[in-house]
Amino acid sequence: MSFSKSSSTRTDLDVTKLPLHVAIIMDGNGRWAKQHLLSRIKGHEKGAQTVRTIVKTCRETGIAHLTLYAFSTENWQRPKKEVDALMSLLVKFLESEHKDMIDKNIRLNAIGQIERLPEAVQRALDKTMTLTKKNDGMHLNLALSYGGRSEIVQMVRQIALKIKEGKIDPDLITSELISKHLYTSTIPDPDLLIRTSGEMRISNFLLWQIAYTEIFVTDTLWPDFTKEEFLSIIKDYQKRERRFGKV
Ligand code: IPE
Ligand code: IPE
Ligand code: MG
């Protein structure tokens, strides 16, 4: 894996070499709040504003797929007050943004254990996904109660069941078949994975899909992440040589 730190200089992008799919681990809301002597919840509220900025930037740049890690399967272990606040924030975000998503031709999709989310969140998701289902300007995927391992577990269960029912021959299990049974079946693998807040780890995100993804870690905390820094990371990505194991 190759990691690098970001520089904040902005230069023009080569629109012919844009990543088709950008995935982001939006980390650092809690640290941002601590720095500003605020509650963690205030940090998440500020983080939601960055989500708006980055969605808008991706749409304007012409990124086809954006996947945001908003809540992991492990995040259920946080204090109930924080989990509840994150869920309310999500409903608020969907309600305030759905009109804009329609106007900007953005299609919303959710990946993860959606059935574990509170009903209000599921309703808001359903509503926004229905309202935006014909949009094709950009695909915005929210990873919610998402975990790469649980995604793999549900994929194995689905395939095992099909084998048991005689619908699949085990000899016909291929990488493509596995990909088709993941939450991301209709989305290409990410070309670029960005993590904010400096942690050099994957935290159970898109384990199968990032086999050949370019990784970029910035020390910037998610609430401080800007359009300019995002564009400078895309520029850095465009300079990378992707070899896919070849020479
Ligand atoms: C990311 O920020 C948001 C979620 C995981 C929901 P954190 O809440 O993890 O912020 P830090 O890592 O404590 O700074
Ligand atoms: C990863 O951040 C999950 C999301 C951004 C939703 P965490 O803050 O939960 O990850 P760890 O605990 O630092 O690995
Ligand atoms: Mg964190």
Side-chain angles (χ1 to χ4, degrees), residues 1 3 5-6 21-55 58 65-94 97 108-118 120-122 124-125 140-152 182-184 187 190 192-210 213 215-226 229-230 233:
M1 278 192 271
F3 292 92
K5 299 278 177 183
S6 68
H21 181 182
V22 177
I24 308 182
I25 302 176
M26 310 183 289
D27 197 18
N29 294 349
R31 275 162 281 180
W32 182 91
K34 199 170 180 191
Q35 272 183 6
H36 292 79
L37 306 174
L38 295 166
S39 69
R40 293 182 58 84
I41 292 165
K42 288 279 174 227
H44 296 312
E45 285 172 12
K46 187 79 166 84
Q49 289 178 29
T50 307
V51 174
R52 290 185 181 91
T53 306
I54 297 306
V55 168
C58 281
H65 300 268
L66 172 66
T67 301
L68 300 176
Y69 202 7
F71 194 85
S72 73
T73 47
E74 288 73 27
N75 290 152
W76 288 113
Q77 295 165 62
R78 293 189 178 196
K80 184 175 184 311
K81 213 173 132 198
E82 183 172 346
V83 171
D84 288 349
L86 281 164
M87 294 300 150
S88 316
L89 205 55
L90 193 58
V91 174
K92 241 169 83 184
F93 174 82
L94 292 167
E97 295 310 291
L108 182 83
N109 179 37
I111 60 169
Q113 305 165 329
I114 304 309
E115 68 288 349
R116 272 183 88 180
L117 299 170
V121 176
Q122 292 193 42
L125 279 172
L140 170 61
N141 309 299
L142 291 184
L144 296 168
S145 189
Y146 174 89
R149 286 192 169 180
S150 84
E151 179 180 39
I152 289 169
L182 297 175
Y183 299 132
T184 51
I187 314 168
L192 173 62
L193 171 68
I194 300 170
R195 181 169 187 144
T196 59
S197 298
E199 247 45 273
M200 296 289 190
R201 56 177 173 253
I202 297 300
S203 303
N204 203 11
F205 193 38
L206 302 175
L207 298 180
W208 170 271
Q209 297 88 337
I210 59 168
T213 300
I215 298 176
F216 202 105
V217 178
T218 169
D219 285 333
T220 306
L221 305 174
W222 178 251
D224 290 329
F225 193 62
T226 59
E229 184 168 11
F230 177 81
I233 292 172

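All residue numbers refer to positions in the sequence shown, counting from 1. First listed ligand is number 1; within each ligand, the first listed atom is number 1.
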Just go through [options] and tell me whose heavy atom is the nearest to [atom].
atom	options	result
atom 9 (O) of ligand 2	N75, T73, I202, L86	N75
atom 13 (O) of ligand 1	R40, E199, M26	R40
atom 2 (O) of ligand 1	L144, I25, L221, N29	N29

Legend entry - Proximity of S72 to ligand 1 by residue part, where a heavy atom lies under 4.0 Å: neither

Give the minimum heavy-atom separation between [X] and [Y], together with the two atoms involved.
X	Y	value
Q113	S150	NE2-OG, 3.3 Å
L117	S145	CD2-CB, 4.2 Å
N75	V83	O-CG2, 3.7 Å
D27	T196	O-OG1, 2.7 Å
A110	L144	CB-CD1, 4.5 Å
A124	V91	CB-CG1, 4.3 Å

Among protein heavy atoms, which lies nearest [atom], and at what distance?
atom	answer
atom 5 (C) of ligand 1	R78 NH2, 3.4 Å
atom 14 (O) of ligand 2	S203 OG, 2.6 Å
atom 10 (O) of ligand 1	G30 N, 2.9 Å
atom 8 (O) of ligand 2	D27 OD1, 3.2 Å

Inset, instruction - Check ring pair (Phe, Tyr, Trp, His ring centres under 6.0 Å) between W76 and all other residues, then give those that pass, not counting sequence neighbours. - result: F71

Legend entry - Residues which pass ring pair (Phe, Tyr, Trp, His ring centres under 6.0 Å) with F205, listed by chain and number, not counting sequence neighbours: Y69, Y146

Inset, instruction - Compute the minimum heavy-atom distance from R31 to ligand 2 and say whether it is under 4.0 Å. - result: no

Legend entry - Sub-4.0 Å heavy-atom approach of Q77 to ligand 2: no

Legend entry - Atoms of ligand 2 close to F71 [distance to a heavy atom under 4.0 angstrom, numbered from 1]: 6 (C)

Legend entry - Atom indices of ligand 2, in the order listed, that fall short of 4.0 Å to a heavy atom of R201: 11 (P), 13 (O), 14 (O)

Inset, instruction - Enter the distance from L192:CG to I24:CD1 here, rounded to the nearest 0.5 Å. - result: 8.0 Å

Legend entry - Proximity of F205 to ligand 2 by residue part, where a heavy atom lies under 4.0 Å: neither

Inset, instruction - Give the atoms of ligand 1, by number and element, whose distance to some non-hydrogen atom of H44 is under 4.0 Å. - result: 3 (C), 8 (O)

Legend entry - Between T73 and R149: side-chain donor-acceptor atoms closer than 3.5 Å: no

Inset, instruction - Output yes when the distance from some N or O of ligand 2 to some N or O of Y69 is under 3.5 Å, and no in every other case. - result: no

Legend entry - Atom name, D27 (N, O or S, nearest to the Mg ion (ligand 3)): OD1

Legend entry - Residue R52 excluded, over 12 heavy atoms near CZ under 6.0 Å: yes

Inset, instruction - Report yes or no: does A70 have a heavy atom closer than 4.0 Å to ligand 1? - result: yes

Legend entry - ligand 1 contact by G28, heavy-atom criterion under 4.0 angstrom: yes

Legend entry - N, O or S of E199 under 2.8 Å from the Mg ion (ligand 3): no

Inset, instruction - Check the pair T226, T220 against side chain to side chain contact (heavy atoms under 4.5 Å, CB included), reporting the backbone distance first and the verdict last. - result: CA-CA 9 Å; T226 59; T220 306; over 6 Å; no

